[in-house]
Amino acid sequence: MLKLWPAIDLIEGQSVRLTEGDYDTSEAMTRSAEDSIQFYQQFDCVDRIHIIDLIGAKSQRAIEMDYIRQLINSSTKPIEVGGGIRDVETIRAYLAHGVDYCIVGTKAIQDIAWLTKMATLFPGKLYVSVDAYDTDIKINGWLEDAQLNLFDYVSAIEHLPLGGVIYTDISKDGKLQGPNFERTAQLAAHTQLPVIASGGIRNQADLQQLEGTGVAAAIVGKAANQPEFWEGLR
């Protein structure tokens, strides 16, 4: 079974999900972030928990760090955190608080020289979040066009000591209509970096199909809040 990284997206301490990255579609989840961590960590197929500071992503600075620090203390699984991470101080602070991996997005996409320096300072600890409509990369909480092609950008960071690339097809995110299998497979074949699939995953059948694309893991958001998703998993 493909390794799962269930997602907890935070707005003002509340666990929510968005559709296509639109903040106006924010939907509160039935489980709190704390309850989600307790639930997810019982499964062997979950090898880390993916936490995103949504307002941090939008405001370009870490907002939920103090709350995330509390969540880390309640988890027996590794934690990765993203949203508003744009400087070395924030990376150092999160790692010092016990975060295992940091996710960088907008800053890493706009400034490859900065990403190169950070990846060298923290080898294997950084994942680049590459979010795109088709092959057009979006930044700043998916609100702006980066004017970059998905495959060209990943080729440019191929040589860096990163943990991997988290690829989200924004058009699929939060819709529970299935991921973009074709584009995900193309990206996994395009790079030697581990690719993590994100966006639109509905069920275990999707996970089985994704496993055949060569991805390293899958991030599951809205579906992870549905009991039937976990039936039979250990």
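When side chains are defined from C-beta on, Leu95 counts as touching Phe122, because their heavy atoms get closer than 4.5 Å. Between Ile196 and Val215 there is no side-chain heavy-atom pair separated by less than 4.5 Å. The closest side-chain heavy-atom distance from Tyr153 to Val128 is below 4.5 Å. Side-chain contact between Leu160 and Ile157: present, with at least one pair of heavy atoms (C-beta onward) separated by less than 4.5 Å. Residues Gln186 and Phe151 are in side-chain contact: their nearest non-hydrogen atoms beyond the backbone lie under 4.5 Å apart. Ile37 places none of its side-chain heavy atoms less than 4.5 Å from the side chain of Thr76.
Looking at every heavy atom in both residues, Ile166 comes nearest to Glu80 through CD1-OE2, 3.9 Å.
Residues Ser129 and Asp131 bring a donor and an acceptor atom of their side chains to less than 3.5 Å of each other. For the residue pair Thr90 and Asp87, a side-chain donor N or O sits within less than 3.5 Å of a side-chain acceptor on the partner. No side-chain N or O of Glu34 forms a donor-acceptor pair with one of Ser74 less than 3.5 Å apart.
In this structure, Arg31 forms a cation-pi arrangement with Phe39, its terminal cationic atom sitting closer than 6.0 Å to the ring centre and no more than 45° off the ring axis.
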*List the steps and the verdict of salt bridge (Lys or Arg N to Asp or Glu O under 4.0 Å) for Asp100 and Arg48.*
CA-CA 9 Å; Asp100 297 278; Arg48 78 178 64 169; over 6 Å; no
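For Trp5 and Tyr101, the ring centers are positioned 6.0 Å apart or more.
Summarising the geometry, atom CD1 belonging to Ile63 is positioned 10.5 Å from atom CG belonging to Asp66; distances are rounded to the nearest 0.5 Å. Expressed to the nearest 0.5 Å, how far CD1 of Ile137 lies from CD1 of Ile170 amounts to 9.5 Å.
Using a cut-off of 4.0 Å between Lys/Arg side-chain N and Asp/Glu carboxylate O, Arg183 and Asp169 are scored as not salt-bridged. Looking at Lys138 and Asp145, a side-chain N of the basic residue comes within less than 4.0 Å of a carboxylate O on the acidic one, giving a salt bridge.
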